[in-house]
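Beneath this line is the structure, given in structure tokens, with notes to follow.
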Amino acid sequence: MMLPWLRCSRIMPRHSVFVYGTLKRGEPNHHWLTEKENGDALFVGTANTKEKYPLVIASRYNIPYTLELPGKGENIEGEIYDVDDNMLAKLDVLEDHPKYYERKVKKAVLQDSGEEVDIWIYLLHHYKPHMIELPFLKSYQHNGDHGLKYVARYLRENPGPEYWTDVKL
Ligand code: PCA
């Protein structure tokens with residue numbers, strides 16, 4: 001049992017996570033960040049990656065991926081959340097870090113203040129070469145005019161990781 005004063009205090013470790021895909025507000029996995037049983041997440045602000053990265057939609061399920069290829073693509077737009085240990089652990093489960101996406105420290109710039117912050121971002125490493133021939137987005141929306149509708153896990157024929165081979169070597 002955690003002591004009440006500990007639960008309320010800000011001495012518990014917190015983490016800045018930059019989300020650019022289905023975890024953003026209005027996107028299909030945002031509820032992960034708002035469900036209280038997952039832990040705590042506070043919205044900090046909208047931001048862009050300091051470096052350019054390729055953000056693509058790929059796989060049979062039209063999933064957004066930022067590729068670990070700095071310098072190519074756009075300064076990706078996303079949202080920074082200040083999360084606790086529990087929420088970070090939940091996000092790692094959702095993204096299957098480190099077997100699928102890999103959570104890395106990079107820099108982002110807050111749109112309001114211009115402040116530069118170190119953030120965690122879920123990137124795809126060891127991606128298939130065709131991924132860098134796809135259109136690069138600056139900002140992901142699941143119902144954007146790209147027309148590539150995201151298929152949620154519960155709607156997939158097989159909810160397992162077989163499709164990883166669509167995008168990973
Ligand atoms: N979820 C994570 C990575 C890609 C995705 O769909 C995010 O929104 O940042």
Side-chain angles (χ1 to χ4, degrees), residues 14-35 38-70 72-84 86-111 117-128 131-132 134-144 146-156 159-168:
R14 305 286 297 194
H15 316 274
S16 291
V17 180
F18 174 93
V19 303
Y20 60 83
T22 60
L23 284 166
K24 293 195 298 183
R25 287 186 290 196
E27 301 302 331
N29 287 325
H30 184 66
H31 60 93
W32 280 71
L33 286 168
T34 57
E35 277 160 19
N38 286 352
D40 184 53
L42 289 170
F43 175 74
V44 176
T46 50
N48 295 79
T49 56
K50 188 184 176 199
E51 289 183 282
K52 295 187 190 305
Y53 289 92
L55 166 58
V56 299
I57 299 175
S59 90
R60 68 194 76 172
Y61 301 127
N62 295 322
I63 297 170
Y65 300 97
T66 292
L67 309 180
E68 176 58 295
L69 185 58
K72 209 172 162 77
E74 304 284 345
N75 299 94
I76 294 169
E77 186 172 78
E79 297 167 357
I80 298 180
Y81 290 85
D82 172 55
V83 308
D84 65 3
N86 292 339
M87 183 62 78
L88 190 65
K90 286 285 178 194
L91 297 179
D92 284 349
V93 171
L94 176 69
E95 309 302 346
D96 262 301
H97 164 76
K99 287 188 301 215
Y100 181 35
Y101 290 86
E102 287 183 56
R103 177 162 52 80
K104 295 274 169 153
V105 178
K106 302 288 180 187
K107 288 195 189 302
V109 181
L110 280 160
Q111 289 181 356
V117 271
D118 286 329
I119 46 87
W120 290 110
I121 178 172
Y122 292 95
L123 296 174
L124 198 70
H125 275 252
H126 311 299
Y127 45 83
K128 289 204 161 158
M131 304 277 284
I132 57 171
L134 297 170
F136 300 151
L137 309 180
K138 188 171 176 79
S139 180
Y140 172 80
Q141 275 81 34
H142 74 283
N143 56 3
H146 48 73
L148 300 168
K149 286 259 180 292
Y150 175 76
V151 181
R153 243 177 234 193
Y154 73 96
L155 293 172
R156 297 175 193 167
E162 290 76 15
Y163 75 95
W164 289 4
T165 54
D166 292 358
V167 294
K168 276 177 89 81

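Start at 1 and go down the list; that is how both ligands and their atoms are numbered. Given the structure is predicted, the values throughout are model-derived calculations rather than measurements.
For Y61, the ring-ring contact (aromatic ring centres under 6.0 Å, His included) criterion is met by Y163, not counting sequence neighbours. Legend: residues meeting ring-ring contact (aromatic ring centres under 6.0 Å, His included) with Y53, ordered by chain and number and at least two apart, are absent.
Under the salt bridge (Lys or Arg N to Asp or Glu O under 4.0 Å) criterion, the residue pairs touching residues 47-68 are K50-E116, R60-D166, E68-K106, with sequence neighbours excluded.
At least one donor-acceptor pair under 3.5 Å links the side chain of E27 to the backbone N or O of H142.
A salt bridge links R25 with E79: the closest approach of a Lys/Arg side-chain nitrogen to an acidic carboxylate oxygen falls below 4.0 angstrom.
Listed by chain and number, residues touching ligand 1 at under 4.0 Å (heavy atoms only) are V19, Y20, G21, T22, L23, P64, E95, Y101.
Side-chain contact of Y65 with Y140: a donor-acceptor pair under 3.5 Å is absent, judged by distance alone.
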